[in-house]
There are 2 protein chains.
Amino acid sequence: MSDFDEKPEQKKRVTAQMVADAAGVSRSAVSRAFTDGAYLDSEKRVRIRQVALELGYQPNALAAGLQGGRSHLVAIFVGNMRSPYDTAFVGHLVGRLNALGKWPILIDGSGAQASTAVEDVLRYPLDAMILRGGSMPEDLVLQCAKIGIPMISSGRPVDIDGVDNVCCRNADGTRSMTEFLIAQGRKKFAYISAPRAYYSSTQRRNGVVQALAQAGRELMAEEDGDFTVDGGFDAGMRLLSNHRPDALICANDATAIGALTAAKEMGWQVPDQIAIVGFDDIDMARWPSFDLTTVMNPIDRSVDAIIELLNRRLETPEKSNEMILVKTELVLRGTH
Amino acid sequence: MSDFDEKPEQKKRVTAQMVADAAGVSRSAVSRAFTDGAYLDSEKRVRIRQVALELGYQPNALAAGLQGGRSHLVAIFVGNMRSPYDTAFVGHLVGRLNALGKWPILIDGSGAQASTAVEDVLRYPLDAMILRGGSMPEDLVLQCAKIGIPMISSGRPVDIDGVDNVCCRNADGTRSMTEFLIAQGRKKFAYISAPRAYYSSTQRRNGVVQALAQAGRELMAEEDGDFTVDGGFDAGMRLLSNHRPDALICANDATAIGALTAAKEMGWQVPDQIAIVGFDDIDMARWPSFDLTTVMNPIDRSVDAIIELLNRRLETPEKSNEMILVKTELVLRGTH
DNA sequence: TTGTATGCGTTATCAT
DNA sequence: ATGATAACGCATACAA
């Protein structure tokens, strides 16, 4: 073997034609060797694959995608790449998509250039676009729908033709939690919210208010948070300086962790004097320093639902929109 | 306008040819209208773009990528999509790549099917492959190098031709921290590690040991963690039951948070009786309940370095390998 | 400045 | 079972 053979210095990508030449077969044979269920002598298939391996050949997915089939590319528009819940969510989703042979292209929705980014990514013939939290500009959603790209929104229902939705039963979750706390003997309820723009916070608040109304009560106090620990801390400080509730329900776990820290710092006994609960059940909620009672917003099930809707939509592109509602569960730990 | 016109039901993607027909120009004119710096009457360009917008035309990136230029696709192999540091890292990286017009395809390296996933993604003519933490099987790295895909590894140096590296000065970080604690008067040092397989934990331990040696000391105790809060909690419990160090250095922040929780639970006064410090400076480190003194492993600078190496490599594909070492910084909060 | 013609690497169709 | 050939949608060298 010559030195030249030893180090091919192949700058250009190996093509099917090269493999065909090397193996002494036609280009089509090579293509078939990489297509499951194609007519090809099994012995020849093995030989071709062998040659391909030696040459380092991989079918070019770009060219294959041009053929009209699926591209296997899926975009994920992530509203907030900083929040613990969303990042965990995306982590799971990516894993599931990988297992399915779908390749997720991530778009950071919080960036200033998010709209441009979406438009650029739309140049790829995507199998689907998944919206996670945040909000994609309406016109872009419409554009996707117009192009005919299946869209699945998670966390914020989108009522547009061609968009499927996965959403957790926010109000049910906080309603159950509130009922539980009432049954436990709590009487004076407060809520720390997130800005109105966040659909889920409003829904969660509704659940609290409904449960209280049913018991002939109402919220005694309320403060604005922003879904972050710092926001929860500040809101908790403000709220607990001016009121003495015995139950504090927070828009999410981050907020609750912040509020819990504030309460402890102010000398409140949790859960003796006050119950503080969150929503989501992020990893940190079960960290021993918090041991937070919360409402589980199940990532597994939500991702399952997304995958399910994705498969269904790819199978039947013209099917009508669907909305899968994901059930929550109370997670009773140490702060109630 | 007829009903038919109203709802075009366009299943097929709009192509440049359709736009050309609609605008009464040639196919190439349309192409030029979307290519910056191409010769085209500016008036005509505007008209073509207008028609394209109405029809919902986007150049097909798959077909464009086939042309031999860049695909603008970049794969990110993520070793651990659960750890707070890695997810934050990936979040930043995705944002930066988006801003550059590069589209990141995520591969979950912790999945069982990671190898298959990498091979499948390699079918796309990637502009680059970025390794974040974890470890990609060596043969796959070699395969990428052979194909000629630029690779950049972050968090774990890869010594293979064609692979650039970004790595934080782990040993420097813990050495500075140890020196600082020694100067502060701490005398009995302990370390909670991660499994040997993790390059960074070993490096960080080395820094501690070196600084101690220079002061004529050595580690009085050591326990095995696993880079998680739970692991840190357990290791902390074991360590503090059998020893009475006055400084506990942990392999990362998650470990430190776990150990800190354990220490408080056992009644230790932090920082009076013991200093507990971490590494990374994840978001949670500055949460008020922890207020953790730690070594910053700067995500911004690491991502900057990756982008820099990426640009340089794309500019000069044949350049020799580079390794950018990222400086750490002590972050002095409340646990020292 | 513009249109025509060719090539990119693959899969699908059609013969054989 | 296999090989030749036609799409796929675009960019670009070339001709006008």
Side-chain angles (χ1 to χ4, degrees), chain A residues 10-49 51-52 55-73 120 122-127 147-148, chain B residues 10-49 51-52 55-73 120 122-127 147-148:
Chain A
Q10 45 196 10
K11 197 67 239 134
K12 301 283 288 181
R13 210 184 148 100
V14 181
T15 73
Q17 185 64 61
M18 299 184 198
V19 177
D21 293 345
V25 296
S26 71
R27 196 170 55 239
S28 337
V30 177
S31 175
R32 280 191 262 262
F34 284 88
T35 308
D36 286 336
Y39 290 123
L40 186 65
D41 183 84
S42 60
E43 202 176 308
K44 185 177 277 188
R45 160 168 279 150
V46 172
R47 203 179 74 236
I48 294 176
R49 286 220 167 213
V51 175
L55 265 53
Y57 169 75
Q58 291 273 84
N60 184 329
L62 250 47
L66 211 52
Q67 224 49 35
R70 311 241 95 109
S71 71
H72 300 297
L73 259 22
D120 282 352
L122 281 181
R123 294 188 169 198
Y124 296 89
L126 304 173
D127 281 5
I147 301 179
Chain B
Q10 45 195 10
K11 198 66 240 136
K12 302 283 288 180
R13 213 183 145 99
V14 180
T15 73
Q17 184 63 62
M18 300 184 197
V19 177
D21 292 346
V25 296
S26 74
R27 200 168 51 237
S28 11
V30 177
S31 176
R32 282 190 260 264
F34 284 89
T35 307
D36 285 336
Y39 290 123
L40 186 65
D41 183 85
S42 60
E43 201 176 308
K44 185 178 277 189
R45 160 168 280 150
V46 171
R47 203 178 74 235
I48 294 178
R49 286 219 167 213
V51 175
L55 266 54
Y57 169 76
Q58 291 273 84
N60 184 329
L62 250 46
L66 211 52
Q67 225 52 30
R70 312 239 96 109
S71 70
H72 301 297
L73 259 21
D120 282 352
L122 280 182
R123 293 187 169 199
Y124 296 88
L126 304 172
D127 281 5
I147 300 179

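In what follows, chains are A, B, ... by sequence order, proteins preceding strands, each numbered from 1.
Residue contacts for L40(B): at a heavy-atom cut-off of 4.0 Å it reaches the sugar-phosphate backbone alone, with no base atom in range.
Between K44(B) and dT2(C) there is a side-chain N or O to OP1 or OP2 distance below 4.0 Å.
Under the side-chain contact (heavy atoms from CB on, under 4.5 Å) criterion, A16(A) pairs with R27(A), V30(A), Y57(A), sequence neighbours left out. The side chain to side chain donor-acceptor pair (under 3.5 Å) test applied to S28(B) returns S26(B), not counting sequence neighbours. Shown here are the side chain to side chain donor-acceptor pair (under 3.5 Å) partners of D41(B), two or more places apart in sequence or in another chain: there are none. Applying the side chain to side chain donor-acceptor pair (under 3.5 Å) criterion to Q67(A), with sequence neighbours excluded, gives no partner residue.
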For this session: Any chance you could lay out the side chain to side chain contact (heavy atoms under 4.5 Å, CB included) test for V46(A) and E43(A), step after step, and finish with the verdict?
Result: CA-CA 5 Å; V46(A) 172; E43(A) 202 176 308; 5.9 Å; no
Exercise. Taking it one step at a time, do L62(B) and L66(B) satisfy side chain to side chain contact (heavy atoms under 4.5 Å, CB included)?
Worked result: CA-CA 6 Å; L62(B) 250 46; L66(B) 211 52; over 6 Å; no
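Looking at every heavy atom in both residues, V14(A) comes nearest to L55(A) through CG2-O, 3.2 Å.
From one end of the helix from dT1(C)-dA16(D) to dT16(C)-dA1(D) to the other, with five pairs defining each end axis, the axis direction shifts by 40° (rounded to 10°).
At whole-Å resolution of the value, CG in D21(B) and P in dG3(C) are 12 Å apart. When the C1' atom of dG3(C) is taken as reference, atom CD1 of I48(B) falls 12 Å away, rounded to whole Å. Between the C1' atom of dT2(C) and the CZ atom of R47(B) lies a distance of 12 Å, rounded to the nearest Å.
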Exercise. Can you give one letter per nucleotide of nucleotides 7-16 of chain C, 5' to 3': B if a protein heavy atom sits under 4.0 Å from the base, S if only from the sugar-phosphate, - if neither?
Worked result: BBBBB-----
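Side-chain atoms of R45(A) come within 3.5 Å of backbone atoms of R32(A) as a donor-acceptor pair (strictly under, hydrogens ignored).
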